[in-house]
Amino acid sequence: MTGTDRAGSGGSGGPGGAGEPGGRTVLLGVRHHGPGSARAVRAALDAVRPGIVLVEGPPEADALVPLAADEDMRPPVALLAHAVDEPGRSAFWPLAEFSPEWVAVRWALEHDVPARFIDLPATHTLAWQAADDRAGDQVDDRADGRAGRREPGDRSGTASTDVRGDPLAALAAAAGHDDPERWWEDVIEHRSPGEGDALAPFTALEEAMTALRETEEGGEGDTALGRDLVREAHMRLQVRAARREFARGVAVVCGAWHVPALRRPATVAADRALVKGLPRTKVEMTWVPWTHRRLSRAGGYGAGIESPGWYAHLFAAADRPVERWLTKVAGLLRDEDRIVSPAHVIEAARLAETLAVLRGRPLPGLGETTDAVRAVMCDGSDVPLALVHDRLVVGDVLGEVPPGAPAVPLQRDLTRIQRRLRLKPEPAERELELDLRKETDAGRSRLLHRLRLLGVGWGEPVASRSTGTFRETWRLRWEPELSVRVAEAGVWGTTVLSAATARAETDAVTEQDLAGITALAERCLLAELPDALAPVMRILADRAALDTDVGHLAQALPALVRSLRYGDVRGTDTGALAEVAAGLAERVFVGLPAACAALDADAAEEMRGHVDAVHTAVGLLGDARTPGHGDLGSRWRAVLRALSARDTVPGTVRGRAVRLLLDDDELAPEEAARLVGLVLSPGTPPADAAAWIEGFVGGGSGGGMLLLHDDRLLGLVDAWLTGVPTDAFTDVLPLLRRTFSAFEPGVRRSLGELVGRGPEARGSVTGAGSGIPGFATGLDTERADAVLPVVRLLLGRHPAPDDNDLVGADT
């Protein structure tokens, strides 16, 4: 039997064996996501012209095959199967434009030939997955040609198959190569489809896999191997059924590892016995968008591809792939303002070809082109090369699926909202600035906040360049797994609004932490969920009434106050929220002084953070009198005075209380200087004095600028520090280093210059200044007048005859 005959006909007893009806059965063993395999499959199908194409994949997807011909379908895409009762349990079958399976399906649709999937049904695959999770096992999915690793907390998997272990490494070693990827590129990927018999590469690969399987299948008790045999039995049954139905012959596209098993003689009764009694679960299946970046990760239909962008280029480039690739690289680098000319492209192409000859390769591969780009276009630097790898070798291509693809109701509602708000999912990370005064931006904000409540992390809020509450900044990035999260969130409702509301109400009941409840109330306001806010507020009031821990109350208050501000921005009625916030503040005021007594260093540092948070919250609440609660601002300042005067309160908290009073003009500078002098007197232990100083000027509070512009305070600190005894200095040094290291570099440098001039140059500790440039005792009007033209230019004011009228007219 010739090699071609062997690839084109079944052996005795196997699918298409002697005596069975039907025409020729062609088994096309492939490497998943291989552009060379994809081209070879297309050439083989053109040569054989089968009556049906069978593809490795879940049979539940047969009804979805026609969608692959839709003009709105653009790979990479994936078949997604999820359990109906547990949508988070799912599996993907990703397909790129260069995937042999995708090419086979498209060929069938273009030639009006049926295409079917013949792998084990997803109903059994997901049931196995559930059983393994319940048993706590880490399933070895090497039977599917992958490592079987899932990210922590991710119950979704990728059903796929290539080969067990790493047979490519074994084949490469047998051929004398130490790099299996490079060997495969040379033998398969760089082979033109018109070279010789279209079935020859499949014949050779089948022979190699047959030899490898003879060495792999000797073990017993291998769960992965057992399931592999079940899958292959199911495939054989499907191939037999197709042979009986289609007289023109059958073409099977599957992982090369499975070809010897499909060729192996086996009785129908034996195969049926293997697939009988398998566990089942009800599943739903659809198409979802996929990305090149996701293909580059481990898991999924032979995924873990290091260079999906490069593979897509090889598949699409009809001729001169190296030159076309280098042209793409040059364009990318030029867009990043690097000087790359056509001469660079020519020289890089020559170098890549030379390297291929020196390394004994038929054509330059990714390694040769990368080395050429590094040497010629990147001046030997790996920094721009990393950009090339990220943007081109991997890439951010996101596939699309047609609107008619099946989807859970929640997904359809999300798609509708995305189109209305013109917020298209994109794989590349980008920042989105929102102005909440605009209707469209406000709608985008609501959507993103509601999705976060549902666990769909499409957007992540980040610090905005604007300090106003009318603006938000988001970092967006759509990952394929979010489709699973949307399906999973479908159990909460059929629309984004109803699902987010139901999820928030449930979370409020199950949340035990007071700070968690207040954070949830804030998220409900941000997401504008009025139906959820009422029950959340009831639960919040109940929990706050029972919680006696001042630390918990202090942690909860800032989130409530922020919620009030966001509610004002969004026009939400926050009366109940204001009442709870005021009551919470009252309880903090009463309990804080006692809670600050007798704390160790770590507890004192934590309490200082609580004091800062409460101070900010009270400031945001304002001095408005809340019915039944009086003037919160005045009461809080009284608490700060009590903290600053109690010796039982740790130094870091007392120092911070004094600083907050000083910043609010509730403490005269002379009084602050007196308190600093008392604390830094010889009678105070150095460690206590250092803690007080840290509370007063540390913690990112702008204390460096305070010392820089107040000679009295700087002189006091300088005099104390130089007088600390030698034996105590080493004890307080770490605390001082932590305090002063928080200052901005410019502030530290200026303080060093002032201290370096000595007390005489700075003036006495009680003086207001001593003639140092920039620290005069009064206003220098001549220097101030010099900046008026620049100020006028910045304000956009036309030149005026009198600079003095700038004040009041333009400000």
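Only heavy atoms go into these numbers, but all of them, side chains included; no hydrogens, no water, no symmetry mates.
Taking the centre of each ring, W310 and H292 stay at or above the 6.0 Å mark.
The two atoms that bring M285 and A61 nearest to each other are SD-CB, 3.4 Å, heavy atoms only. Nearest approach of L278 to H124, heavy atoms of both residues: CB-ND1, 3.6 Å. The minimum heavy-atom distance between W93 and A122, with the atom names listed, is CH2-CB, 3.9 Å. Taking all atoms of both residues into account, the shortest heavy-atom contact from S99 to A96 is OG-N, 2.7 Å. For G29 against L205, the heavy-atom pair with the smallest separation is O-CD2, 3.7 Å. When all heavy atoms of R213 and A261 are compared, the closest pair comes out as NH1-CB, 3.8 Å.
Considering only heavy atoms from C-beta on, L414 comes within 4.5 Å of L451 through its side chain. Side-chain contact between P121 and E60: present, with at least one pair of heavy atoms (C-beta onward) separated by less than 4.5 Å. Using a 4.5 Å cut-off on side-chain heavy atoms (C-beta onward), Y311 and L295 make no contact. Side-chain contact between R450 and L454 is absent, with no heavy-atom pair separated by less than 4.5 Å. Taking the side chain as every heavy atom from C-beta outward, H258 and L27 never approach each other to under 4.5 Å. Using a 4.5 Å heavy-atom threshold, the side chains of R294 and E481 count as touching. With a 4.5 Å cut-off on side-chain heavy atoms, L332 and R391 count as touching. Between V394 and H389, some side-chain heavy-atom pair lies under the 4.5 Å cut-off.
Residues satisfying the salt bridge (charged side-chain N to carboxylate O under 4.0 Å, His left out) test with D271, not counting sequence neighbours, are R236, R240. With sequence neighbours excluded, no residue satisfies side chain to side chain contact (heavy atoms under 4.5 Å, CB included) with P66. When the side chain to side chain donor-acceptor pair (under 3.5 Å) test is applied to T440, no partner is found at least two apart in sequence or on another chain.
Proximity of a side-chain donor or acceptor of R444 to a complementary backbone N or O of L421 within less than 3.5 Å is detected.
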Using ring-ring contact (aromatic ring centres under 6.0 Å, His included), reason through F92 and W290 one step at a time and then give a plain yes or no. CA-CA 10 Å; F92 298 97; W290 207 250; 4.7 Å; yes

Can R452 and E460 be said to form a salt bridge (charged side-chain N to carboxylate O under 4.0 Å, His left out), step by step? CA-CA 8 Å; R452 278 174 54 81; E460 183 72 21; 3.1 Å; yes

Could you check L109 against V65 for side chain to side chain contact (heavy atoms under 4.5 Å, CB included), going step by step and ending with a plain yes or no? CA-CA 8 Å; L109 292 171; V65 167; 4.0 Å; yes

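With 3.5 Å as the limit, one finds a donor-acceptor pair spanning the side chains of W257 and D228.
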Throw together a table of side-chain donor-acceptor distances under 3.5 angstrom for residues 422-430, partners on residues two or more places apart or in other chains.
unit_1, atom_1, unit_2, atom_2, d
E426, OE1, R430, NE, 3.2

Please tabulate, one pair per line, all N/O donor-acceptor pairs under 3.5 Å involving side-chain atoms of residues 401-412, not counting sequence neighbours.
unit_1, atom_1, unit_2, atom_2, d
Q411, NE2, T415, OG1, 3.2
R412, NH1, A407, O, 2.5

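At most 12 non-hydrogen atoms from other residues, nucleotides or ligands lie less than 6.0 angstrom from CZ of R280.
Here the CG-CD distance, from L447 to Q418, works out to 6.5 Å after rounding to the nearest 0.5 Å.
Each side-chain hydrogen bond (donor to acceptor under 3.5 Å, both in side chains) pair with one or both residues in residues 393-403, not counting sequence neighbours, appears once here: R74-E400, R293-D396.
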